[in-house]
Trainee: 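This is the structure, below, for whatever I ask next.
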Amino acid sequence: MPELPEVETTKNDLIDLGFIGQEIVDFKCHWDNILENDTCQNFKSFLVHEKLLKLWRRAKYIVFELSNSKYLVVHLRMTGQFAKPKLDYEHLKHEHVHIQFEDNRWLVYKDTRKFGKFTIVSDIDAYFKHLGPEPLLDSFTDKIFDQCLGKTKGNIKSRLLNQLVVAGLGNIYVDEALYLSHILPTRMVKDVKPFERKLLRKSIQKVLSDGLDNMGTSLGTGEGNYLSVSGRRGQNKQRLKVFRREGLECFDCKSIILKVKLASRGTHYCPKCQS
DNA sequence: AGTGATGTTCAGGG
DNA sequence: TCCCTGAACATCAC
Ligand SMILES: [Zn+2]
């Protein structure tokens, strides 16, 4: 269930697989709903003979830039991941998309819950136009963040989960950033003061860059657990201060971390450090 | 065994 | 405009 650090790590690991510069020679899909805007046959005829020029990320999307000036955009949603490439084609459980490159290796997309999406995009700027700013760029300033947050009616957590406000945050890193900022997730956006907005912007960058340094957060061991390319675990779980720590002591004040439901999501906070 | 929860997003409706 | 709900699915912990 990848957020920005997990998607960035996956993208970086995909680059390391060495497919850039190669032509796509075959394409198979076994679950049509993963293909967003066309049939498997059309994806295949569109992709085959095109060269992979670049791999990059925007928000939680991975972009495969192709030689026909078009883009294969992949969203991992909850459980999407890329398996270790293999020379011989096989179709294992939970594997839904297979892309073969000219060195004959198959790039394998697996997705336990099948929520992931592959989309062919022509106008990439238009496709991403609605998204909020990239929080790890220098252009993500206090002023920009303040403008994006606005003074809207709802609570701060829901606001931060909205990809149109800030791109790339998800449930883990929102809870963590709010903890570092001493702000309760339930606080109304309009009640988040200017100095708190500055601290929140810094905290967002802190939790995301720490997450990235640790190659993402792998929480469990089951099928739905986040893993980067070839099944490598992220190491960021040990750094989490509140997420999935309900019932345990706050590292700062020793209060018991609480968990409630907010924005239809499990939400973790310290009742003493956050207000 | 049944029930609710799970790291995402989208559409629909109040 | 904003947010809640349900849906898209499979697995896991009670
Ligand atoms: Zn505390």
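To find a chain, count down the sequence lines: A is the first, B the second, and so on, and within it residues start at 1.
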Trainee: Would A/Arg197 and A/Phe145 count as a cation-pi pair here, with the cationic atom under 6.0 angstrom from the ring centre and within 45° of the axis?
Mentor: no
Trainee: Can you tell if the side chain of A/Phe243 reaches within under 4.5 Å of the side chain of A/Asn236, non-hydrogen atoms only?
Mentor: no
Trainee: Flag the pair A/Glu176 / A/Leu240 as yes when at least one side-chain heavy-atom distance between them is below 4.5 Å, and no otherwise.
Mentor: yes
Trainee: Could you give the CD1-to-P distance, from A/Ile34 to C/dC9, as a whole number of Å?
Mentor: 10 Å
Trainee: Is the closest side-chain heavy-atom distance between A/Ile34 and A/Tyr109 below 4.5 Å?
Mentor: yes
Trainee: With under 30° as parallel and over 60° as perpendicular, where do the rings of A/His30 and A/His98 fit, or are they tilted in between?
Mentor: perpendicular
Trainee: Using atom P of each nucleotide, how far apart are B/dA1 and C/dC9 to the nearest Å?
Mentor: 25 Å
Trainee: Please give, in whole Å, the distance from B/dA5 C1' to A/Leu219 CG?
Mentor: 13 Å
Trainee: What is the distance, to the nearest angstrom, from the CG atom on A/Leu262 to the P atom on C/dC2?
Mentor: 16 Å
Trainee: Which residue, A/Arg77 or A/Lys261, contacts DNA chain B at a nucleotide closer to its 5' end, judged by nearest heavy atom?
Mentor: A/Lys261
Trainee: Can you sort out the partners of A/Glu90 under side-chain hydrogen bond (donor to acceptor under 3.5 Å, both in side chains), two or more places apart, ordered by chain and number?
Mentor: A/Lys86
Trainee: Please give the distance between the C1' atoms of B/dG7 and C/dC2 as a whole number of Å.
Mentor: 23 Å
Trainee: For A/Arg159 and A/Ser264, take the nucleotide of DNA chain C holding the closest heavy atom to each; which residue's nucleotide lies nearer the 5' end?
Mentor: A/Arg159
Trainee: When all nucleic acid strands are considered with a 4.0 Å heavy-atom cut-off, which category describes A/Lys259: base, sugar-phosphate, or nothing?
Mentor: sugar-phosphate
Trainee: A/Arg159 side chain to A/Cys148 main-chain N or O, any donor-acceptor pair under 3.5 Å?
Mentor: yes
Trainee: Tell me what A/Thr217 touches on the nucleic acid: a base, only sugar-phosphate, or nothing, going by heavy atoms under 4.0 Å.
Mentor: base
Trainee: I'd like the C1' distance from B/dT9 over to C/dC12, given in whole Å.
Mentor: 22 Å
Trainee: Within this structure, what is the NE2-to-P distance between A/His130 and B/dT9, rounded to whole angstrom?
Mentor: 10 Å
Trainee: For A/Lys60, does its backbone N or O pair with a side-chain atom of A/Arg58 as donor and acceptor, under 3.5 Å?
Mentor: no
Trainee: Say whether A/Glu3 and A/Tyr226, considering side chains only, have a donor N or O and an acceptor N or O under 3.5 Å apart.
Mentor: no
Trainee: On DNA chain C, nearest-nucleotide positions of A/Gly154 versus A/Met78: which is more 5'?
Mentor: A/Gly154
Trainee: What integer number of Å spans the P atoms of C/dT1 and B/dT8?
Mentor: 24 Å
Trainee: Reckon A/His94 has a side-chain N or O less than 4.0 Å from the OP1 or OP2 of C/dT11?
Mentor: yes
Trainee: Mind listing the side-chain donor-acceptor pairs of residues 39-48 of chain A below 3.5 Å, one per line with the distance, residues two or more places apart or on another chain?
Mentor:
from	atom 1	to	atom 2	distance (Å)
A/Thr39	OG1	A/Asn42	N	3.1
A/Thr39	OG1	A/Asn42	ND2	3.4
A/Asn42	ND2	A/Asp38	OD1	2.8
A/Lys44	NZ	A/Asp26	OD1	3.2
A/Ser45	OG	A/Gln41	O	3.2
A/Ser45	OG	A/Asn42	O	3.3

Trainee: Round to the nearest Å and state the distance from A/Lys60 atom NZ to B/dG7 atom C1'.
Mentor: 8 Å
Trainee: What integer distance in Å separates A/Asn225:CG from C/dA10:P?
Mentor: 19 Å
Trainee: Looking across every strand, which nucleic acid part, if any, lies under 4.0 Å from A/Lys93 by heavy atom: base, sugar-phosphate, or nothing?
Mentor: sugar-phosphate
Trainee: Classify A/Arg265 by what it touches in the nucleic acid, base, sugar-phosphate, or nothing, heavy-atom distance under 4.0 Å.
Mentor: base
Trainee: In terms of side-chain heavy atoms, does A/Ser228 have a donor or acceptor partner in A/Thr9 at a distance below 3.5 Å?
Mentor: no
Trainee: Between C/dA10, B/dT9, B/dG7, spot the one nearest the side chain of A/Phe243, thanks.
Mentor: B/dG7
Trainee: Could you identify which residues of residues 162-175 of chain A place a heavy atom less than 4.0 Å from some atom of DNA chain B, listed by residue number, or say none?
Mentor: A/Gln163, A/Gly170, A/Asn171, A/Ile172
Trainee: How does DNA chain B read in dot-bracket, base by base from 5' to 3', with Watson-Crick or G-U pairs under 3.5 Å and | used when the partner is on another strand?
Mentor: .|||||.|||||||
Trainee: Using atom P in both nucleotides, what's the gap between C/dC4 and B/dA5 to the nearest angstrom?
Mentor: 16 Å
Trainee: Side chains of residues 254-270 of chain A: which donor-acceptor partners sit under 3.5 Å, not counting sequence neighbours?
Mentor:
from	atom 1	to	atom 2	distance (Å)
A/Thr267	OG1	A/Lys157	NZ	2.9
A/Thr267	OG1	A/Arg265	O	3.0
A/His268	ND1	A/Asp175	OD2	2.8
A/His268	NE2	A/Arg244	N	3.3

Trainee: What I'd like to find out is whether the side chain of A/Tyr89 reaches to under 4.5 Å of the side chain of A/Gln100, using heavy atoms alone.
Mentor: no
Trainee: Please report the distance, rounded to the nearest Å, between CD in A/Glu95 and C1' in C/dC9.
Mentor: 17 Å
Trainee: Rounded to whole angstroms, how far apart are CG on A/Leu4 and P on B/dT8?
Mentor: 11 Å
Trainee: Counting only heavy atoms and a strict 4.0 angstrom limit, can you tell me which residues of residues 108-118 of chain A come near DNA chain C?
Mentor: A/Thr112, A/Arg113, A/Lys114, A/Phe115
